[in-house]
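Reviewing the structure listed below.
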Amino acid sequence: MAITVLNNISDLTAEQALGNTQMSLQKTLTQLSTGLKINSGSDDAAGLSIANGMTANIAALTQSQQNASNGVGKLQTADGALSQVTTLLNRAVTIATEGASSGITGSQSTALNTEFQSILSEVNQIGQTTNFNGQNVFAGNTGTAFDTTSGTAANPLTLSSTLAVGSVTTITDPTAAAAKQSFTFTATAGNNTVADLNTAIAAAVTAGTFGAAAFTVGSGTQGTVGATAADTNNLEFAATSGDSLTVTTTDNTTLASLNASVGATNSNTVFISDSSTANSAANTQINTSINALSATTLGLSAAGVNQNLSSASASQTALTAINAAITNVSAQRGTIGASVNRLNAATTVMSDQVTNLQSAVNSLQNADIGTTVANMTQYNVLESTGMAALQQANQAQQAVLKLVQ
C-alpha cells in the first residue's frame, strides 16, 4: 500500500464512525430523558402520524366519557324528582279513594280536596324548580306556538281565520332579555290569516328575536280580556315562571280566544365521539326525551282548572286521572332508566377503547427503557473506542517523518 501524506484515510474513517456514534448516543439520551421513542418526525414519520391520531381519539373518548357522566347525572336528577312525584301521586290515590266513598262529610271532603290541591301544587313546583347545571330538567324545548285550534262556537279560531288588514298584534314577554321582549305582527293583504301569525311567531322564536321560550295558559286568566276600558284588547296568560305574557291586538274579534302552548318535551342529548366517527346524530348522539312535568301534562288539570275531590263523583273522576298519571310517570322513568343504562354501557365501552388505544400508543411511541439503556452503554463504549482509534490514526501519519530524517 502506498504511503501518502495529503490525505489520512484512516483518520477520516475513524472520524465518520465517531460522528455516527455520537449522533446515535444523543438520540438515545433524548429518548431516556423524555421517555419517548419518537421525539420528532425524523425518528419515525409513520409511527408519529399513527400515534398522534390515536392520541386525538383518546382525548375525544375521554371527554365523551365525561359527557356521558353528565348526561347520567341529569337523567338521575329527573328520575329522583319523578320518584317523589310517584310518592305524591300514591298519596293522591289514597285520599281520592277515600273521597270517592259516600260515607264522608262535607268538611272531610274539603280537607281531602285541600290536601289534593297541595299535592298538585307540589307536582307543579317540582316540574318548575328541578334543575341540573342551572337548567330546568323538565322544561319543554320544542318551541312556542299559538294553539290555533282554540276558540268558541260563536267565535271559532282556525288556521284559516282572517285578521283585519292593517291590524297590529303585539306580544310582550317581560321575562326575556331586553332586546327580545316584544314581537309585533301587522296583518297585510295576503298575509292576514291566523296561520300567517302563527308562522311569524314561530320564526321569531326560532331566530332568537323573540324571547318567549316557553309559556302556558295560567289559572283563571285563559281567554280573559282586561277589565278596564283602556285595556280591552289585552289578553294576559301566566307564564311558566309565574310572570305574565301579554298579547295586545287591534283585532279583538278574531283573537278573543287566542291561547298559548308550551313545548311538551325536553331532549337530553349526549355527544359521544372518538374524533374519527362520521359526525351524524345516529353515530354520535344519545337522545332522551324528558316530558314536561306539571299537573296539566299529567292530565290532572285542564284549561287552568284542577281535578278536585269536592264530591264522591269528582273523586272517582280524579282517581281515574291519577292512575293514568302514575302510568305516565312510570313510563317516563322507564325511558330514563333505559337511557341511563345505555349511557353507562357506552361509558364502559369507551373506557375499554381508551385503555386499548393507550396501550397501542405506548407500544408505538414510548421508549423501551431496558433496550435504550443497553444502546446507551454500547454507544458510550463505541465513543471511547472511536476517540482512541482517531488518536491512533493521527499518530500513524506522523511515522512518515521518520523516512525524511
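These values consider heavy atoms only, across backbone and side chains, with no hydrogens, waters or symmetry-generated copies.
- Listed by first and then second residue, the salt bridge (Lys or Arg N to Asp or Glu O under 4.0 Å) pairs involving residues 350-364 amount to none (not counting sequence neighbours).
- The shortest heavy-atom contact between Ala78 and Ile290 is CB-CD1, 4.4 Å.
- Remark: Leu309 CG to Gln316 CD distance equals 11.0 Å, nearest 0.5 Å.
- For Thr297 (side chain) and Ala292 (main-chain N/O), a donor-acceptor pair under 3.5 Å exists by modelled atom type.
- In this structure, Met350 and Ala68 approach most closely via the heavy-atom pair CE-CB, 4.3 Å.
- Shown here for Ala96 and Ile322, the closest heavy-atom pair between the two residues is CB-CD1, 3.9 Å.
- Atom CD of Gln16 has 12 or fewer neighbouring heavy atoms from other residues, nucleotides or ligands inside a 6.0 Å radius.
- Inter-residue side-chain proximity for Thr62 and Ile58 is flagged as met; some heavy-atom pair is nearer than 4.5 Å.
- Taking Gln358 as the reference, nothing meets the side-chain hydrogen bond (donor to acceptor under 3.5 Å, both in side chains) condition, with sequence neighbours excluded.
- Of all heavy-atom pairs spanning Phe138 and Ile126, the tightest one is CD1-O, 4.2 Å.
- Ser351 is linked by a side-chain hydrogen bond (donor to acceptor under 3.5 Å, both in side chains) to nothing, counting only residues two or more places apart in sequence or in another chain.
- Of the possible donor and acceptor atoms, none in the side chain of Asn323 sits under 3.5 Å from a partner among the backbone N and O of Thr320.
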_Could you walk me through whether Asp44 and Gln365 satisfy the side chain to side chain contact (heavy atoms under 4.5 Å, CB included) test, starting with their C-alpha distance in whole Å, then the side-chain angles of each, then the deciding distance to 0.1 Å, before giving a yes or no?_
CA-CA 9 Å; Asp44 184 352; Gln365 196 171 31; over 6 Å; no
Check residues 81-89 and write down every donor-acceptor pair under 3.5 Å in which the side-chain atom is one partner and the other belongs to a residue at least two apart or another chain.
| residue | atom | partner | partner atom | Å |
| --- | --- | --- | --- | --- |
| Thr86 | OG1 | Leu82 | O | 3.0 |
| Thr87 | OG1 | Ser83 | O | 3.2 |

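- From Asn306, atom CG reaches atom OG1 of Thr296 across 7.5 Å, with rounding to the nearest 0.5 Å.
- Side-chain contact between Thr348 and Asn344 is absent, with no heavy-atom pair separated by less than 4.5 Å.
- The side-chain contact (heavy atoms from CB on, under 4.5 Å) check on Ala187 picks up Leu163, Ser167, Phe185, Asn192, with sequence neighbours excluded.
- For the side-chain contact (heavy atoms from CB on, under 4.5 Å) test, residues two or more places apart in sequence or in another chain that qualify with Val381 are Thr385.
- Looking only at side-chain heavy atoms (C-beta outward), Asn70 and Lys74 stay at 4.5 Å or farther from each other.
- Between Met54 and Leu364 there is a side-chain heavy-atom pair separated by less than 4.5 Å.
- The backbone N or O of Ala204 sits less than 3.5 Å from a side-chain atom of Thr209, completing a donor-acceptor pair.
- Under 3.5 Å, the side chains of Asn124 and Gln128 contain no donor-acceptor pair of N or O atoms.
- Legend: side chain to side chain donor-acceptor pair (under 3.5 Å) pairs involving residues 24-38, not counting sequence neighbours, sorted by first then second residue: Thr34-Asn39.
- Looking at Val340 and Gln76, their side chains come closer than 4.5 Å, going by heavy atoms from C-beta outward.
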_Could you go through Leu343 and Ile286, starting from their C-alpha distance and side-chain angles, then the distance that decides it, and tell me whether this counts as side chain to side chain contact (heavy atoms under 4.5 Å, CB included)?_
CA-CA 8 Å; Leu343 287 170; Ile286 296 178; 3.7 Å; yes
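- Counting heavy atoms from C-beta on, the side chains of Val123 and Leu298 come closer than 4.5 Å.
- At distances below 3.5 Å, not a single donor-acceptor pair connects side-chain atoms of Ser363 with backbone N or O atoms of Ala360.
- We find the OG1-CG distance between Thr317 and Asn308 to be 9.0 Å, quoted to the nearest 0.5 Å.
- Rounded to the nearest 0.5 Å, atoms CD (Gln22) and CG (Leu29) are 11.0 Å apart.
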*Check step by step if side chain to side chain contact (heavy atoms under 4.5 Å, CB included) holds for Leu112 and Ile104.*
CA-CA 10 Å; Leu112 291 175; Ile104 61 175; 3.8 Å; yes
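- Checked against salt bridge (charged side-chain N to carboxylate O under 4.0 Å, His left out), Glu115 has the following partners two or more places apart in sequence or in another chain: Arg91.
- Residue pairs meeting the side chain to side chain donor-acceptor pair (under 3.5 Å) criterion with at least one partner in residues 105-114, sequence neighbours excluded, are Thr105-Ser107, Thr105-Gln108, Asn113-Gln117.
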*Verify side chain to side chain contact (heavy atoms under 4.5 Å, CB included) between Asn328 and Asn291, making sure each step is shown before the conclusion.*
CA-CA 10 Å; Asn328 185 327; Asn291 295 334; 4.1 Å; yes
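- Annotation for Thr186 and Gly166: closest pair CG2-O, 4.4 Å, computed over non-hydrogen atoms.
- Screening residues 125-134 for salt bridge (Lys or Arg N to Asp or Glu O under 4.0 Å), with sequence neighbours left out, gives no hits.
- For Ser121, there are no side-chain hydrogen bond (donor to acceptor under 3.5 Å, both in side chains) partners at least two apart in sequence or on another chain.
- Legend: residues meeting side-chain contact (heavy atoms from CB on, under 4.5 Å) with Ser101, ordered by chain and number and at least two apart, are absent.
- Although no hydrogens or angles enter the test, the distance criterion places no donor-acceptor pair under 3.5 Å between the side chain of Ser49 and the main chain of Ala45.
- Between the Asn136 side chain and the Asn131 main chain, no donor and acceptor come within less than 3.5 Å of each other.
- Considering every non-hydrogen atom in both Ala321 and Gln307, the closest pair reads CB-NE2, 3.9 Å.
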